[in-house]
> 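Quick one: this structure, given as structure tokens, is what I'll be asking you about.
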Amino acid sequence: MGGSSRNPGALQGDNASGQSPYQRLSRRMRDISGDRGVLKDVIREGAGELVTPDASVLVKYSGYLEHMDKPFDSNCFRKTPRLMKLGEDITLWGMELGLLSMRRGELARFLFKPAYAYGTLGCPPLIPPNTTVLFEIELLDFLDSAESDKFCALSAEQQDQFPLQKVLKVAATEREFGNYLFRQSRFYDAKVRYKRALLLLHRRSAPPEEQHLVEAAKLLVLLNLSFTYLKLERPATALRYGEQALIIDRKNAKALFRCGQACLIMTEYQKARDFLVRAQKEQPFNHDINNELKKLASYYRDYTDKEKEMCHRMFAAYDNGSTVGEN
């Protein structure tokens, strides 16, 4: 994990005081639990709001025992850390308290006394009884779904009582969750989140001067749904959502591209060409669009070659049949 210039589990220093490395470290750390059970030292400041109590967090962490060079627990080897919900997925009370004191992008070092970590029994064979542990935690991001979950549980009539900005905020949160799940290749779960966002936006009627805000939010979700259904290998549904996006913005290059991809998968080559050429017109130097057009040309060549071969066989069979009849 970045931000630390040396191994935090084997801290160096003058041992003349008779204190352990963790005891010396604790002297310069801030008490965030009120009883010095959870101590904090910020390595890199974060920005924005503090983590909320019902949030789902995206973190990198490494846990160390005193005098040990390697972490006993770490998720830093994962390419994409798992989203963890406070109060459900995190087992250490000290880590929960620590995360609630953090902001996006922050990197911090914590000491957890046994009562906030593994208790009097420890966690054999790795963690001895009554052990203070050190954790380095980097908060990559967090999403607060509590507000969204409560809002989505309301009836349409109840939701209409809230201002438009509230609806847009909840829809954006649902879309962010969908984006995270998509990045983890959990396409089915991502689709569920995107559909929740779209339902909220479809339900909401807005005055003419604010309707563009709803349409802009819808467009983003429709593009996400089109791409997700391509990943789920359901091109017809991907095409449907792409075409809905084009109703909002008929020149949207992403929507045209997704529609072209869907048609190509369904071997509707003329429709695929129409969509992709329109997309290329909007973004002439887009690498993905140009590559898709090359793929289309290749597929269409193969298709016409097979058609010619099939026709040739049909006529050859007909000619042979005629010859036999004449003889």
Side-chain angles (χ1 to χ4, degrees), residues 1-5 8 28-34 38-64 71 73-112 116-117 133-152 165-186 189-190 192-194 196-197 200 213 216-217 220-221 223-224:
M1 185 187 306
S4 180
S5 59
R28 64 172 188 265
M29 300 180 81
R30 179 167 63 90
D31 177 17
I32 63 169
S33 61
V38 179
L39 303 176
K40 177 180 181 180
D41 179 31
V42 176
I43 300 171
R44 184 183 69 231
E45 295 284 351
E49 301 175 352
L50 291 171
V51 172
T52 50
D54 294 308
S56 295
V57 297
L58 193 62
V59 299
K60 287 187 177 180
Y61 65 83
S62 293
Y64 297 88
D73 186 19
S74 178
N75 74 343
C76 292
F77 62 89
R78 294 186 182 208
K79 185 177 180 181
T80 306
R82 183 171 63 91
L83 199 65
M84 298 185 294
K85 188 167 179 61
L86 297 183
E88 294 180 12
D89 301 321
I90 297 172
T91 56
L92 296 187
W93 178 226
M95 185 179 285
E96 288 249 357
L97 288 180
L99 286 165
L100 288 170
S101 73
M102 298 183 74
R103 305 175 192 276
R104 285 184 181 87
E106 183 176 331
L107 174 64
R109 181 180 293 160
F110 297 90
L111 281 177
F112 303 147
Y116 291 89
V133 294
L134 182 147
F135 270 79
E136 274 196 0
I137 302 174
E138 182 180 8
L139 179 63
L140 304 173
D141 200 2
F142 71 90
L143 297 168
D144 185 3
S145 64
E147 180 184 25
S148 173
D149 292 339
K150 290 175 185 175
F151 189 84
C152 290
Q165 289 304 320
K166 171 79 170 181
V167 178
L168 293 174
K169 181 182 177 184
V170 172
T173 300
E174 288 296 313
R175 180 173 169 266
E176 286 171 13
F177 262 99
N179 289 346
Y180 171 77
L181 294 165
F182 186 95
R183 288 193 294 271
Q184 286 203 319
S185 298
R186 292 167 58 184
D189 295 330
V192 171
R193 289 288 185 173
Y194 292 142
R196 280 177 65 170
L200 288 172
L213 298 174
L220 294 175
V221 178
L223 291 171
N224 289 140

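The first residue of the sequence shown is numbered 1, and numbering continues consecutively from there.
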> Distance only, no hydrogens: is a donor on one side chain within 3.5 Å (strictly under) of an acceptor on the other, for Glu176 and Tyr180?
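Side chains of Glu176 and Tyr180: no pair found under 3.5 Å.
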> If you define the side chain from C-beta out and look only at heavy atoms, does anything of Val192 sit under 4.5 Å from Leu181?
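No, their side chains stay 4.5 Å or more apart.
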> For a quick test of reading the model, state the closest non-hydrogen atom pair linking Gly94 to Val38 and the distance between them.
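The pair with the smallest heavy-atom distance is CA-CG2, 3.9 Å.
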> Taking NZ in Lys150 as the centre, count heavy atoms belonging to other residues, nucleotides or ligands within less than 6.0 Å. Is the count above 12?
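It does not: Lys150 NZ has 12 such atoms or fewer within range.
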> Do Phe110 and Ile32 make a side-chain contact, defined as non-hydrogen atoms from C-beta onward lying under 4.5 Å apart?
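The answer is yes; the side chains approach within 4.5 Å.
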> Using 0.5 Å steps for rounding, measure from the CG atom of Asp54 to the NZ atom of Lys85.
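If we round to the nearest 0.5 Å, Asp54:CG and Lys85:NZ are 5.5 Å apart.
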> Distance check, rounded to the nearest 0.5 Å: Glu49 atom CD versus Asp144 atom CG?
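Here the interatomic distance stands at 9.0 Å.
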> Please tell me if the side chains of Phe177 and Asp189 come closer than 4.5 Å, counting only heavy atoms from C-beta onward.
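No, side chains not in contact.
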> If I take atom OH from residue Tyr64 and atom CG from residue Leu111, how far apart are they, to the nearest 0.5 angstrom?
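CG of Leu111 is found 13.0 Å from OH of Tyr64.
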> Hey, does Arg82 have a side-chain heavy atom less than 4.5 Å from the side chain of Asn75?
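In short, these two side chains do not touch, never coming nearer than 4.5 Å.
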> Heavy-atom count around Lys40 NZ within 6.0 Å, excluding the residue itself: above 12?
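Yes, because the 6.0 Å sphere around NZ of Lys40 holds more than 12 heavy atoms from other groups.
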> Can you list the steps and then say if Val133 with Asp73 is a side-chain contact (heavy atoms from CB on, under 4.5 Å)?
CA-CA 11 Å; Val133 294; Asp73 186 19; over 6 Å; no
> Measure up the Trp93 and Tyr116 rings against each other and bin them: parallel (under 30°), tilted (30 to 60°), perpendicular (over 60°).
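Parallel, since the angle between the ring planes stays under 30°.
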> A side-chain contact here means heavy atoms from C-beta on lying under 4.5 Å apart; do Glu136 and Ile43 qualify?
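Yes, their side chains come closer than 4.5 Å.
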> Measure the spacing between CZ of Arg175 and CZ of Phe182 and express it to the nearest 0.5 Å.
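Result: 11.5 Å between the selected atoms.
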> Using the salt bridge (charged side-chain N to carboxylate O under 4.0 Å, His left out) rule, pick out the option among Arg104, Arg103, Arg44, Lys60 that qualifies with Glu138.
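It is Arg44, the one option of Arg104, Arg103, Arg44, Lys60 that forms the salt bridge (charged side-chain N to carboxylate O under 4.0 Å, His left out) with Glu138.
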> Indicate yes or no: at least one non-hydrogen side-chain atom of Ser33 is less than 4.5 angstrom from one of Asp31.
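Yes. Closest side-chain heavy atoms under 4.5 Å.
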> Is Glu88 atom CD crowded by more than 12 heavy atoms from other residues, nucleotides or ligands, each under 6.0 Å away?
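Count over threshold, so yes.
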> Which atom pair, heavy atoms only, marks the closest approach of Ser148 to Thr173?
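Nearest heavy atoms, Ser148 then Thr173: CB-CG2, 4.2 Å.
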> Report the distance from atom CZ of Arg109 to atom CG of Asp41, rounding to the nearest 0.5 Å.
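Atom-to-atom, Arg109:CZ and Asp41:CG are 6.0 Å apart.
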> Taking all atoms of both residues into account, what is the closest heavy-atom pair of Gly178 and Ala190, and its distance?
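Heavy atoms of Gly178 and Ala190 come nearest at O-CB, 3.4 Å.
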> Go through the steps for Val59 and Phe142 under the test side-chain contact (heavy atoms from CB on, under 4.5 Å), then give the verdict.
CA-CA 8 Å; Val59 299; Phe142 71 90; over 6 Å; no
> Of all heavy-atom pairs between Leu39 and Met29, which one has the smallest distance, and what is that distance?
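Scanning both residues, the minimum pair turns out to be O-CE, 3.4 Å.
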> What's the separation between atom CG in Leu86 and atom OG in Ser56, rounded to the nearest 0.5 Å?
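That separation rounds to 7.5 Å.
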> Please tell me if the side chains of Phe151 and Val167 come closer than 4.5 Å, counting only heavy atoms from C-beta onward.
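A side-chain contact exists here, since the closest heavy-atom pair is under 4.5 Å.
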> Compare every heavy atom of Val51 with every heavy atom of Leu100, then report the nearest pair and how far apart it is.
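What the structure gives for the nearest pair is CD2-O, 3.6 Å.
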> Where is the tightest heavy-atom contact between Ala197 and Glu174, given as atom of each residue plus distance?
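In this case the closest contact between Ala197 and Glu174 is CB-CB, 3.8 Å.
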